[in-house]
Participant: 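So that we are looking at the same thing, I have put the structure below in structure tokens.
The chain is numbered in sequence order, starting from 1.
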Amino acid sequence: MAAQTAKETMDKAVAALTKSSVMVNYACSGQMTESGTLALKGNKFCARSKSATVWNDGKTQWTYVKSTDEVNVIQASSKKISAVNPYAILNLYKSGYTLTQKKVAAGTEIYMKSTEKKTYSEVYVTLNANLQPVQIRFKNSKGWTTVNFSNYQTKKLSSSTFKFNKKEFPTAEINDLR
């Protein structure tokens, strides 16, 4: 049996991730230090941490900042989405990167090297045996960031999970920047 190419491995990992709703814990280190939970369903996500919550329904993105009790509303570009949803980085492999893979203790590591001017010049994706991302390390002009994932769970999530609900934050000031 021939070895899978890095692209084939990423195709399978992304397909597995997008076919169901997922909840996962994350912890970032490097350029920022943050931890929380991430809910995913197709191109929608909700990232919750102690300091902020970001909802994205695939078109609109709401960011609630606890310290200021404000919600900023934007039409999110793919660049802005990948800044707050590390799983969005997984889709970068489709263009502008060369890919290689190797076996590591946790499973398989995919190395992505940018072939053109991109936000992330290098990306390492570590997948477990079930092709679930357990770590993503990426480099941009400011340095390296590492995001570790744990407690991966498939869950049924409603569309409301990915939209800001004013009733949850009745005193929040809403800044519509669209």
Participant: Could you tell me if the side chain of Thr126 sits less than 4.5 Å from the side chain of Thr108, heavy atoms only?
Facilitator: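 Sidechains of Thr126 and Thr108: no contact.
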
Participant: Salt bridge (charged side-chain N to carboxylate O under 4.0 Å, His left out), that's the test. Do Asp57 and Lys59 meet it? Break it down for me.
Facilitator: CA-CA 6 Å; Asp57 67 0; Lys59 296 177 186 170; over 6 Å; no

Participant: Side chains of Glu34 and Ser51: do they bring a donor and an acceptor to under 3.5 Å?
Facilitator: yes

Participant: Got a sec, which hydrophobics cluster with Phe169, joining ILVMFWY side chains under 4.5 Å apart, including via others?
Facilitator: Trp55, Trp62, Tyr64, Val71, Val73, Phe164, Ile174

Participant: Heavy-atom distance under 4.5 Å between the side chains of Phe149 and Asn25, does that happen here?
Facilitator: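 No - every pair of side-chain heavy atoms lies 4.5 Å or more apart.
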
Participant: Are the side chains of Phe138 and Thr119 in contact, using a 4.5 Å heavy-atom criterion?
Facilitator: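 They are not in side-chain contact.
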
Participant: Picking from Leu38, Leu17, Thr37, what satisfies side-chain contact (heavy atoms from CB on, under 4.5 Å) with Val24?
Facilitator: Leu38

Participant: Determine whether a donor-acceptor pair (N or O, by modelled atom type, separation under 3.5 Å) exists between the side chain of Thr161 and the backbone of Leu157.
Facilitator: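 No, Thr161 side chain to Leu157 backbone: no donor-acceptor pair under 3.5 Å.
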
Participant: Can you find a heavy atom in the side chain of Lys44 that is under 4.5 Å from one in the side chain of Asn56?
Facilitator: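 Heavy-atom side-chain distance check fails, nothing below 4.5 Å.
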
Participant: Ignoring hydrogens and angles, tell me if any N or O in the side chain of Thr115 forms a donor-acceptor pair with the backbone of Gly96 under 3.5 Å.
Facilitator: yes

Participant: Closer than 3.5 angstrom, by distance alone: can the side chain of Lys166 be matched with the main-chain N or O of Pro170 as a donor-acceptor pair?
Facilitator: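 It does hold such a pair.
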
Participant: Would you indicate whether the side-chain heavy atoms of Lys41 and Ser20 approach each other to under 4.5 Å?
Facilitator: no

Participant: About how many Å separate OG1 of Thr63 and CG of Asn175, when rounded to the nearest 0.5 Å?
Facilitator: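 If we round to the nearest 0.5 Å, Asn175:CG and Thr63:OG1 are 11.0 Å apart.
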
Participant: Does any part of the side chain of Met112, heavy atoms only, come nearer than 4.5 Å to the side chain of Ile110, both counted from C-beta?
Facilitator: yes

Participant: Distance only, no hydrogens: is a donor on one side chain within 3.5 Å (strictly under) of an acceptor on the other, for Asn151 and Gln153?
Facilitator: yes

Participant: Let's go through Tyr111 and Glu122 carefully: what are the C-alpha distance in whole Å and the side-chain angles of both, what is the deciding distance for side chain to side chain contact (heavy atoms under 4.5 Å, CB included) to 0.1 Å, and is it a yes or a no?
Facilitator: CA-CA 7 Å; Tyr111 173 65; Glu122 295 178 75; 2.6 Å; yes

Participant: Kindly determine whether Val123 and Ile136 satisfy side chain to side chain contact (heavy atoms under 4.5 Å, CB included), including the steps that lead there.
Facilitator: CA-CA 7 Å; Val123 179; Ile136 300 174; 4.1 Å; yes

Participant: For residues Asn148 and Tyr26, determine if any side-chain heavy atom of one lies less than 4.5 Å from a side-chain heavy atom of the other.
Facilitator: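 Heavy-atom side-chain distance check fails, nothing below 4.5 Å.
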
Participant: Is a side-chain donor-acceptor pair under 3.5 Å present for Tyr93 with Asp11?
Facilitator: yes

Participant: Closest heavy-atom contact between Leu131 and Ala13?
Facilitator: O-CB, 3.5 Å

Participant: Under a 4.0 Å N-O cut-off, is there an ion pair linking Lys118 with Glu116?
Facilitator: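 Answer for the salt bridge query: yes.
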
Participant: Between Arg137 and Trp144, does the side chain to side chain contact (heavy atoms under 4.5 Å, CB included) criterion hold? Intermediate values first, please.
Facilitator: CA-CA 7 Å; Arg137 272 188 329 125; Trp144 286 95; 4.1 Å; yes

Participant: Does a sphere of radius 6.0 Å around NZ in Lys50 hold more than 12 heavy atoms from other residues, nucleotides or ligands, not counting ones at 6.0 Å or beyond?
Facilitator: no

Participant: Side chains of Val125 and Glu109: closer than 4.5 Å at any heavy-atom pair?
Facilitator: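 No. Closest side-chain heavy atoms not under 4.5 Å.
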
